[in-house]
Participant: 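My questions will all concern the structure given below.
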Amino acid sequence: MELAKPQAEHGFLERMVGIWEVSSPDMGTDEKWVEVVRSLHGIWFVAEGNGNMPQGGGAATTMLTLGYDPAKGKYVGSWIGSMMAYLWVYEGEVSADGTTLSLYTTGPDFAEPGKTGEYREQIIFKDDDHRIFNSSAKQPDGTWKQFMEAQYTRKR
């Protein structure tokens, strides 16, 4: 087996490394989360988020993994959170202008329990110290309807 080597595509993910303060008015709280993103030798990137759920939901932890799979020619990853028992698996691509990583996944349909839905999550860099994360659900007409957005500010 040949050892993996960072590709040019890993550069987008490298920009995420650091400590970030996260706020999300969409979550119905002014409380901030903290996300720590680290690199596993430039191949995989792990983002651990910690904060409190809205409406007294208690402490929560999330874990996002991201990498680039040269064989697939796609970004790949996963997400888990202590608030749910579902493993989200992603595939996606970076926009031509290099600012937006769009990740696509299938998971529980929040509107219709027992069914699945298609989702798109995006990581959008405004500059090196500010990024946005949003989530959208695919609509019957094929469009995406955004239902969540979080703002990230680099602390270190």
Side-chain angles (χ1 to χ4, degrees), residues 1-24 26-27 31-53 59-110 116-139 142-156:
M1 182 170 125
E2 187 176 326
L3 289 179
K5 294 180 177 75
Q7 307 290 307
E9 291 83 358
H10 288 97
F12 181 94
L13 302 173
E14 192 70 44
R15 293 176 69 189
M16 294 177 58
V17 173
I19 299 173
W20 300 82
E21 183 177 85
V22 185
S23 61
S24 179
D26 289 345
M27 299 268 304
E31 195 165 324
K32 308 267 191 264
W33 280 54
V34 173
E35 183 181 81
V36 177
V37 183
R38 61 191 174 95
S39 169
L40 303 180
H41 302 280
I43 301 297
W44 293 102
F45 296 81
V46 179
E48 181 176 339
N50 285 286
N52 287 309
M53 294 298 292
T61 300
T62 62
M63 189 73 65
L64 171 69
T65 64
L66 292 171
Y68 180 77
D69 184 336
K72 289 183 175 184
K74 292 185 180 279
Y75 288 84
V76 295
S78 63
W79 185 92
I80 55 171
S82 60
M83 69 290 291
M84 65 177 63
Y86 187 81
L87 171 68
W88 297 85
V89 178
Y90 299 118
E91 279 194 358
E93 70 277 333
V94 167
S95 61
D97 68 3
T99 63
T100 304
L101 172 60
S102 295
L103 298 165
Y104 301 92
T105 187
T106 301
D109 187 319
F110 300 122
T116 59
E118 293 181 54
Y119 298 93
R120 179 187 69 194
E121 320 253 81
Q122 293 183 305
I123 298 169
I124 304 163
F125 272 94
K126 294 301 188 184
D127 59 43
D128 287 341
D129 295 324
H130 300 90
R131 61 183 166 97
I132 295 169
F133 179 89
N134 68 43
S135 296
S136 300
K138 195 168 197 177
Q139 303 302 294
T143 61
W144 294 100
K145 181 179 180 184
Q146 184 175 311
F147 61 87
M148 190 282 274
E149 180 173 295
Q151 306 287 326
Y152 290 67
T153 302
R154 186 185 303 275
K155 294 306 185 193
R156 301 190 282 216

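Side chains are part of it too, since the values below use all heavy atoms of this structure and drop only hydrogens, waters and symmetry mates. Residue indices begin at 1 and follow the sequence shown.
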Participant: Can you run down the salt bridge (charged side-chain N to carboxylate O under 4.0 Å, His left out) pairs that involve residues 3-19, sequence neighbours left out, and say none if there aren't any?
Facilitator: Glu2-Lys5, Arg15-Asp128
Participant: So, using side-chain contact (heavy atoms from CB on, under 4.5 Å) as the criterion, who are the partners of Val37 when residues are at least two apart?
Facilitator: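 In terms of side-chain contact (heavy atoms from CB on, under 4.5 Å), with neighbours along the sequence ignored, Val37 is linked to Met16, Trp20, Glu35, Ala47, Arg131.
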Participant: Out of Val22, Ile124, Ile123, Leu101, which one pairs with Phe133 under the side-chain contact (heavy atoms from CB on, under 4.5 Å) rule?
Facilitator: Ile123
Participant: Under the side-chain contact (heavy atoms from CB on, under 4.5 Å) test, which residues partner Thr116, sequence neighbours left out?
Facilitator: Thr106
Participant: Can you list everything that forms a side-chain hydrogen bond (donor to acceptor under 3.5 Å, both in side chains) with Tyr75? Sequence neighbours excluded, please.
Facilitator: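 Here no residue qualifies.
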Participant: If you look only at pairs with a residue in residues 59-72, which of them pass as a side chain to side chain donor-acceptor pair (under 3.5 Å), with sequence neighbours excluded?
Facilitator: Asn50-Thr61, Thr65-Ser78, Lys72-Glu91
Participant: Taking the inter-plane angle between the rings of Phe110 and Phe147 on a 0 to 90° scale, is it parallel (under 30°), tilted (30 to 60°) or perpendicular (over 60°)?
Facilitator: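 Judged by the thresholds at 30° and 60°, the geometry between Phe110 and Phe147 is perpendicular.
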Participant: Sequence neighbours excluded, which residues qualify as side-chain hydrogen bond (donor to acceptor under 3.5 Å, both in side chains) partners of Ser135?
Facilitator: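 Once residues adjacent in sequence are excluded, the partners of Ser135 under the side-chain hydrogen bond (donor to acceptor under 3.5 Å, both in side chains) criterion are Glu121.
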Participant: How about Leu64 and Tyr90: do any of their side-chain heavy atoms sit closer than 4.5 Å?
Facilitator: yes
Participant: Which of these, Ser102, Ser95, Ser136, sits in a side-chain hydrogen bond (donor to acceptor under 3.5 Å, both in side chains) with Gln122?
Facilitator: Ser102
Participant: Backbone N or O of Asn52 within a donor-acceptor pair of the Trp33 side chain at under 3.5 Å?
Facilitator: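 Pair found, side chain donor or acceptor close to backbone of Asn52.
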Participant: Output the distance between atom NE2 (His10) and atom NE2 (His41), rounded to the nearest 0.5 Å.
Facilitator: 13.0 Å
